[in-house]
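In this text, all values refer to a predicted model and were calculated from it rather than measured experimentally. Just the heavy atoms: all of them, side chains too, but no hydrogens, waters or symmetry mates, feed the values below. Chain letters run A, B, ... following the sequence lines, proteins first and then strands; every chain starts at 1.
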Amino acid sequence: MSKPSLPQGTRDFNAATVQKRQFIFKTIQSVFETYGFQPLETPAMENLETLMGKYGEEGDKLIFKILNNGLDNPQKKQQTLEGLEKLFAGKTSTALTERALRYDLTIPFARYVAMNHGSLNFPFKRYQIQPVWRADRPQKGRYREFYQCDADVVGSESLLNEVDLVAVYLTAFQKLNLPVEVKINNRKILLALAQICGGEDKLIDLTIAIDKLDKIGWDKVKEELQNKKFSEAQQKIIQNYLTIEGNNTEKLKQLSILMGNNEVGLKGIEEINYVLDYHVQTGMDKHLVADFTLARGLNYYTGIIFEVKAIEAEMGSIGGGGRYNDLTSLFGVPNIAGVGISFGVDRIYDVMEEKNLFPSTIDQTTHILFFNLGEQETKAAYLQMMQLRDKKIACEIYPEKSKFDKQFKYAEKKGIPNVIIIGTEELAKNECTVKNIITGKQTTVSLSDLSNFEF
RNA sequence: GAGGGCGUAGCUCAGUAGGUUAGAGCGACAGUUUGUGGAUCUGUAGGUCGUGGGUUCGAGACCCAUCGUUCUCCCCA
């Protein structure tokens, strides 16, 4: 038998890690609830059909597919072989795989809304905290199983939702004590740029090239634009667009000049202005950065888009989202607008761990260890322990009669601050010895007073 | 999908140009101490050097393959 191991890109979480992760989950959850979002859970697996084609070509490749059961059935051999042929032709085949693990929380949510739109109370606000899976190659800040925390509003076109979601982001990160900036852009502006550069059909090429700017620099972007048949004049426009600098007001002003009288572009600017202006009064505008190079890979976004970046941290985005105008039409239910955001818990964890931002108070462990000093003594100790547990004090008793040395070490390693010793002498006098491991202070307490003792 | 780094004891690693029986620190266990720990000292256990081939008189070291892991690019949370 070989050594046990984990699938690539997955992890076990020990007690300390779980407690820190729970801290993040609880913080985000409580903010979601404070803003009027209600929980939803969907299955780990979806029909493959539900997921395919929603995340672009790259995304489709990264979906974890589940092999059908019963493929060894001789009666279905023909079907299975045909399925394999399709597979080698680069297509998916329901003969081989009908289900897949969810890739994000947004599409399953859209599927849910499409299935239940008749009975939902619009505008419908839901939050969802569940793992997602991607068949990506793991590296720093990238796992094959990770959690997303999503909040979405559907059935409302109001920009007030965008305003509110910005506040959700900034409130949550403030509570986590993690300094961030929220980048904001608008797909309408990118669309306008594409129009100005010769056609909407260039939007995708354009966004992909723009998205790479801060990584590969302008020269490489220019090269890529050249390859995608953008003319010199168009490249010049794009360069002007990308080199817009200054504070938010200045940037937007320059952009509006560049957009000229392009209707979509001006609308996009107006929307960003609306959100920024709204947050002047909350003071949150300080953490908002208009960034016209922000593109976001998912092409279902149609309006304002967000991305959250931890300040002074070597980490990709720790959250993202935006407005999608018609996501449910993918599932046959048109005209339900929505906007949503997502938190990447695993990356948030990594950044917080790196910067040592977890409060020390979240380590939760046993409060009192009862020593095991023999059959009679332990029985008496057990009764005392149950009384303390009734008072919600976390207690445990060492299960084996062992040397003091060993029992002390156990308490110390587990971070248990108090031990209670009931030995033959104590038992005879109906007493116990309470010892605080940290201070070393030792007190004799009568058994009848123990439940009132201040630990 | 493309390209690098690394796999030696439970953990962190050393192992010099290939040369006898593969080492250290920490940890674990035991004793010093059958009811007061954290220290010191002493001792004990623990390794098919990821796996499979090859080169060589001789391989932990060199070559090939393979698996695992990690990082970068692509893409993304």
Close N/O contacts between protein and nucleotides 2-5 of chain B (under 3.5 Å):
none

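Geometric assessment of A/R126 against the ring of A/F37 yields a negative cation-pi assignment under the 6.0 Å and 45° thresholds. A/F64 does not carry A/R144 over the face of its six-membered ring by the limits of under 6.0 Å from the centre and within 45° of the normal.
At a cut-off of 3.5 angstrom, counting only N and O atoms as typed in the model, there is a donor on one side and an acceptor on the other between the side-chain of A/R347 and the base of B/C76. Taking 3.5 Å as the limit, the base of B/G35 and the side chain of A/E377 contain no donor-acceptor pair of atoms between them.
For A/K61 and A/L373, each mapped to the nucleotide of RNA chain B holding its nearest heavy atom, the one lying further toward the 5' end belongs to A/K61. Comparing A/G423 and A/P138 against RNA chain B, the residue whose closest nucleotide sits nearer the 5' end is A/G423.
Here A/Y143 lies in heavy-atom contact (under 4.0 Å) with a base. Across all strands shown, A/I437 has heavy atoms under 4.0 Å from base atoms, whether or not it also approaches the sugar-phosphate. Residue-level contact check: A/G316 touches neither bases nor backbone, having no heavy atom under 4.0 Å from any strand. A/S317 comes within 4.0 angstrom of sugar-phosphate atoms only, judged by non-hydrogen atoms across all strands, and of no base. Using a 4.0 Å heavy-atom cutoff across all strands shown, A/G141 reaches at least one base atom of the nucleic acid. No contact: A/E57 has no heavy atom under 4.0 Å from any strand. Counting any heavy atom pair closer than 4.0 Å across all strands shown, A/L105 reaches no nucleic acid atom. Within the 4.0 angstrom heavy-atom criterion, only backbone atoms of the sugar-phosphate kind lie near A/D405; the bases stay farther away.
In this structure, a donor-acceptor pair under 3.5 Å is absent between the side chains of A/Q139 and A/R137. In the model, A/T378 has no side-chain atom that pairs as donor or acceptor with a side-chain atom of A/Y398 under 3.5 Å. A donor and an acceptor atom, one from each side chain of A/Q442 and A/T433, are nowhere located under 3.5 Å apart. With 3.5 Å as the limit, one finds no donor-acceptor pair spanning the side chains of A/N325 and A/Y300. Checked by atom type, the side-chain pair A/Y127/A/Q29 shows a donor-acceptor distance below 3.5 Å. Side-chain contact, A/N186 with A/E271: a donor N or O sits under 3.5 Å from an acceptor N or O. Donor-acceptor pairing under 3.5 Å is recorded for the side chains of A/E396 and A/Y410. Between A/T106 and A/D150, the side chains place a donor N or O and an acceptor N or O closer than 3.5 Å (distance only, hydrogens not considered).
Relative to the side chain of A/E58, the nucleotides B/C29, B/C75, B/U36 differ in distance, and B/C75 lies closest. For A/Q442, taking side-chain heavy atoms from C-beta onward, the closest of the listed nucleotides B/G37, B/C29, B/U36 is B/U36. Taking every side-chain heavy atom of A/Q139 into account, B/C74 is the closest of B/A77, B/C74, B/C29. Closest to the A/K403 side chain, of the nucleotides B/G37, B/G31, B/C76, is B/G31. The side chain of A/I421 lies closest to B/G35 when the candidates are B/C76, B/G38, B/G35.
Distance CG (A/L62) to P (B/A77): 11 Å, rounded to an integer number of Å. What separates CZ of A/F408 from P of B/U33 is a distance of 18 Å, to the nearest Å. Taking atom CZ on A/F371 and atom P on B/U34, their separation rounds to 17 Å, with Å as the unit. The interatomic distance linking A/K401 (NZ) with B/G35 (P) rounds to 7 Å, in whole Å. A/F25 places its CZ atom 13 Å from the C1' atom of B/A77, with the value rounded to the nearest Å.
Ion pairing between A/D350 and A/K140 fails under the 4.0 Å rule for side-chain N and carboxylate O. Residues A/E245 and A/K251 are not paired through a salt bridge, judged by the lack of any N-O separation under 4.0 Å between the basic side chain and the carboxylate.
Across B/A14 and B/G53, the matching C1' atoms stand 28 Å from one another, rounded to whole Å. The separation of B/G43 from B/A24, taken at their P atoms, amounts to 12 Å, rounded to a whole angstrom. Spacing of P atoms, B/G68 relative to B/G50, comes out at 16 Å, to the nearest Å. Comparing the same atom, P, in B/G1 and in B/G25 gives a spacing of 45 Å after rounding to whole Å. Nucleotides B/C62 and B/C49 have their P atoms positioned 15 Å apart, rounded to a whole Å. A distance of about 7 Å separates the C1' atoms of B/A45 and B/C29, rounded to the whole Å. Spacing of P atoms, B/C74 relative to B/U69, comes out at 23 Å, to the nearest Å.
Taking a 4.0 Å limit (strictly below) on heavy-atom distances, residues 145-152 of chain A reaches RNA chain B at A/F146, A/Q148. RNA chain B lies under 4.0 Å from no heavy atom of any residue of residues 166-177 of chain A.
B/C26: Watson-Crick or G-U partner is B/G10, with both key distances under 3.5 Å. Across every strand in view, B/A65 sits in a pair with B/U51 that passes the Watson-Crick or G-U test at under 3.5 angstrom. Under the Watson-Crick or G-U wobble criterion, with both distances below 3.5 Å, B/A2 is paired with B/U72. Here B/G46 sits opposite no nucleotide as a Watson-Crick or G-U wobble pair (both hydrogen-bonding atom distances under 3.5 Å).
Partners of A/L62 according to the side-chain contact (heavy atoms from CB on, under 4.5 Å) rule, which considers only residues two or more places apart in sequence or in another chain, are A/Y103, A/D136. For A/T17, the side-chain contact (heavy atoms from CB on, under 4.5 Å) partners are A/F13, A/N14, A/R21, A/Y349, not counting sequence neighbours.
Applying the side-chain hydrogen bond (donor to acceptor under 3.5 Å, both in side chains) rule to pairs touching residues 56-68 of chain A yields nothing, sequence neighbours excluded.
Listed pair A/K413 / B/A28 meets the phosphate criterion, a side-chain N or O lying under 4.0 Å from OP1 or OP2. Using a 4.0 Å cut-off, some side-chain N or O of A/Q8 falls inside it from OP1 or OP2 of B/U69.
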